[in-house]
Participant: 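Quick one: the structure is below, and I'll ask about it shortly.
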Amino acid sequence: MAMCLGKLETRSMHMQEYFARPLALLVVMVCGLAGFAAHAAEETASKADQQCLGCHSNKGLEKKLPNGETLSLHIDEPAFARSAHNVLGCSVCHGDVTIENHPPLKKEIKSVRENSLAMASVCRNCHGNVFERYEAGMHAALLRAGNPAAPFCTNCHNAHAAVAKAAFDLATGTPCSNCHSSIFTAYTGSVHGRARNKGRIEAPVCSTCHGAHDVTAASGGDHLKNTCFGCHAGALSAHQKWLPNAQRHLDTIACAACHTPGAKRKVDLRLYDTAARKGIAEKQGVPQFDLRARAVDNEDKGLSSGELQRLLQQFNPDGSNGKTILRGRLEVDGAVPIHQLADKSRAVSQCETCHRAGSAPFQRVTISISDPSGRPIRYDAHQDVLTSVVSVDSVRGFYVIGGTRIGLLDVLVVLALLAGIGGPIAHLTLSWWFGRPPKRIGGRADS
Amino acid sequence: MARVYVHPLPVRIWHWINAFGFVIMILTGFQIRYVGLVELMPFRSAVLLHNGVGFVLIANFFIWLVFYLFSDKIRVYHPDLSPTRHFLASIRQMRFYGYGIFKGEPNPHHISAYRKFNAMQSMAYQVMMLLLVPLQFYTGLLLWDVERFTGMIDVLGGVRVVDTAHVLTFIFFVGFIFIHPYLASLGHTRTAHFKAMISGYEDVEEEHETG
């Protein structure tokens with residue numbers, strides 16, 4: 001390693017200066033790209049990098065960290081030679097390594113994750129646009145929130161074996177499956193996963209629905225529905241052939257709710273701004289939804305219809321003219337089953353599955369809003385918010401004929417039947433009681 | 001007894017289409033709303049039949065509307081323009097159905113070509129034909145294609161509000177569909193008014209004929 005650094009000393013010193021000046025860095029990178037293009041094409045490491053690899057290609061080269069972790073210092077030389085980063089060489093990313101501090105490495109590394117996080121800023125120098133997308137996504141939001149498992153660059157990409165657009169491995173689902181293994185297992189058994197494994201490259205993978213860097217919860221907004229229709233452009237006309245109010249069904253029912261026949265379903269009532277015509281999202285750093293919901297939830301057992309009405313009033317202060325409403329959506333309950341999409345021949349097509357009082361999909365109700373990254377924040381509500389007369393206004397945007405019918409109206413139906421049948425019977429009975437059957441009464445009685 | 005022509009052909013056509021149509025609408029309405037309790041037909045068949053018959057009834061409504069708008073028979077709905085007299089006549093008619101009929105008193109209403117409805121009927125039928133039936137058709141139309149009419153539905157307060165209005169009117173018609181034929185059986189014979197709605201002619205006592 002000493003030899004390696006010695007040969008690269010001049011270049012490394014210059015690089016340190018350049019790192020402080022992004023424009024200069026750009027010049028270096030362009031020059032680097034031009035200078036190393038030829039040997040990159042040959043998939044071999046440069047002579048300078050080979051000097052680094054003289055030590056770092058040794059398997060088992062590692063460093064014990066103070067927290068007990070082991071930081072691997074091994075670089076797979078053939079993989080690095082094939083990687084997109086080969087054209088840059090070691091020193092573009094590891095500019096802080098100088099003859100004075102290496103070896104041995106003098107900088108303090110508290111943990112593997114902290115080291116990777118620090119190196120992520122180096123990624124940003126070249127991949128700024130990708131970084132912007134990443135920071136708009138759910139993973140970055142989790143990172144900002146201090147989630148110790150939130151992924152960043154090196155969780156998905158091996159910087160020393162990076163190949164363009166090849167972070168995802170279909171067979172294992174990595175890197176997504178590193179954290180979402182049960183979901184990937186569900187996906188591999190789905191109609192999409194099976195199609196992909198049969199070589200149908202048009203079948204979606206994780207990033208098709210969730211994005212690769214700007215990772216979002218697919219259930220937020222209309223993103224997922226639009227993704228489905230992106231491939232299944234004929235879905236609407238296909239449904240219109242047999243399904244009354246097909247467009248409405250497609251708007252208010254998540255595709256997976258019918259196309260994962262064995263899955264448990266639920267109703268999600270989302271706060272929606274009718275003026276802006278979009279779902280309401282929490283403002284960055286001003287979480288209100290959960291606090292407000294807990295404040296009105298007197299028994300801490302989920303919102304009743306009255307409590308839901310009060311919550312809605314909080315989002316509709318005086319003068320807002322009731323622009324915030326709840327829009328209902330039938331969804332699959334749970335992240336795993338939603339990925340078990342089945343062949344369309346097994347999709348739910350029996351209307352009675354939902355259009356029946358007490359149907360399974362209406363046994364669980366959540367109220368939701370999006371967090372700043374688009375991820376839904378949910379709060380449970382009683383199932384009777386769907387059937388209470390109190391909810392006529394607050395849940396005005398969701399109604400399933402038969403399935404969420406209002407109980408009070410059923411009472412009125414019974415009363416109408418009793419009056420309609422009982423009235424004439426009582427009238428007839430009174431006529432016979434007085435001994436004067438109607439046919440003998442008057443001469444011009446009419447209807 | 002004299003025979004008076006009180007039900008012109010367009011009215012009779014409208015009436016019987018309306019009658020059978022409403023029976024189908026109520027039966028399919030029960031099937032749609034009460035899957036599990038009512039098993040007359042599959043839900044989807046009930047919806048399609050409900051929608052189809054609904055459009056027939058809307059078209060049929062215009063037979064009634066056009067006939068009365070362009071005919072002097074519209075007077076049957078407002079033979080007496082005095083609200084006070086109309087109100088008092090309604091009270092007399094209610095007293096007859098609730099009390100006098102049991103005592104064998106004569107019907108206070110005398111049928112003629114331009115007075116075929118008693119005061120209660122003319123008031124009730126105007127409310128029904130000008131308010132409840134159009135309301136039912138309108139809300140039914142909105143529910144037939146919620147997406148197409150989403151703007152109007154939002155203005156009215158959402159699909160739940162529209163459906164509630166539709167069901168409330170349905171509840172009224174559920175009661176009416178039983179009470180109407182019963183009242184129709186209270187003529188001088190059980191079937192007199194039914195026959196009149198087929199032939200067009202009502203039997204009336206000549207001394208009460210007013211033309």
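In what follows, chains carry the letters A, B, and so on, assigned in the order in which the sequence lines appear, proteins first and then strands, with residues in each chain numbered from 1.
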Participant: Go through the atoms of B:P108 and report whether side chain, backbone, both or neither lie under 4.5 Å from a heavy atom of chain A.
Facilitator: neither
Participant: In terms of heavy-atom pairs under 4.5 Å, which option from B:D154, B:D163, B:V174, B:V47 contacts chain A the most?
Facilitator: B:D163
Participant: Testing the basics here: between A:N245 and B:L143, what is the closest heavy-atom pair and its distance to 0.1 Å?
Facilitator: ND2-O, 2.9 Å
Participant: Just so I understand: if I count every heavy-atom pair under 4.5 Å between each of A:L243, A:T404, A:V395 and chain B, which residue has the most?
Facilitator: A:V395
Participant: Quick one: what part of B:V159 sits under 4.5 Å from any heavy atom of chain A, side chain, backbone, both or neither?
Facilitator: both
Participant: Please find the pair of heavy atoms, one from B:E147 and one from A:D251, that lie closest to each other, and give the distance.
Facilitator: OE2-OD2, 2.6 Å
Participant: Under 4.5 Å from any heavy atom of chain A, what part of B:V146 do you find: side chain, backbone, both or neither?
Facilitator: both
Participant: Should the heavy atoms of other residues, nucleotides or ligands under 6.0 Å from CZ of B:F87 be counted, would the total exceed 12?
Facilitator: no
Participant: Let's test your reading of the structure: which of B:F30, B:F173, B:F170 forms the most heavy-atom pairs below 4.5 Å with chain A?
Facilitator: B:F30
Participant: Would you say CZ of A:R327 has more than 12 non-hydrogen atoms from neighbouring residues, nucleotides or ligands within 6.0 angstrom?
Facilitator: no
Participant: Look at A:L415, A:V389, A:D393, A:I406 and state which one has the largest set of heavy-atom pairs under 4.5 Å with chain B.
Facilitator: A:I406
Participant: Would the distance check show the side chain of A:E352 and the main-chain N or O of B:F43 forming a donor-acceptor pair, the cut-off being under 3.5 Å?
Facilitator: yes
Participant: So which heavy atom on B:F178 is nearest to which on A:G420, and how close?
Facilitator: CB-O, 2.9 Å
Participant: With a 4.5 angstrom heavy-atom cut-off, could you sort out which part of B:L37 is near chain A: side chain, backbone, both or neither?
Facilitator: side chain
Participant: Heavy-atom distance under 4.5 Å to chain B: side chain of A:P244, backbone, both or neither?
Facilitator: side chain
Participant: Hey, what do you get for CG (A:L412) to CD1 (B:I171), rounding to the nearest 0.5 Å?
Facilitator: 4.5 Å
Participant: So how far is it from A:L386 CG to B:R160 CZ, rounded to the nearest 0.5 Å?
Facilitator: 6.0 Å
Participant: I would like to know whether A:D410 and B:R33 meet salt bridge (Lys or Arg N to Asp or Glu O under 4.0 Å); could you show each step before the answer?
Facilitator: CA-CA 10 Å; A:D410 293 344; B:R33 186 171 171 81; 3.0 Å; yes
Participant: Would you give the length of the straight line joining atom OG1 of B:T150 to atom CD of A:Q247, rounded to the nearest 0.5 angstrom?
Facilitator: 10.0 Å
Participant: Given that the side chain runs from C-beta out, which part of B:I153 has a heavy atom under 4.5 Å from chain A: side chain, backbone, both or neither?
Facilitator: neither
Participant: Might you confirm whether atom OH of B:Y5 has over 12 heavy atoms from other residues, nucleotides or ligands at distances under 6.0 Å?
Facilitator: yes
Participant: Specify the closest pair of heavy atoms between B:R44 and A:C351, including all atoms of both residues, with the distance to one decimal.
Facilitator: CB-SG, 3.8 Å
Participant: Apply side-chain contact (heavy atoms from CB on, under 4.5 Å) to B:Y34 and A:R405, showing your working.
Facilitator: CA-CA 9 Å; B:Y34 296 106; A:R405 63 178 195 247; 3.3 Å; yes
Participant: Can you confirm if the aromatic rings of A:H427 and B:F102 lie within a centre distance of less than 6.0 Å?
Facilitator: yes
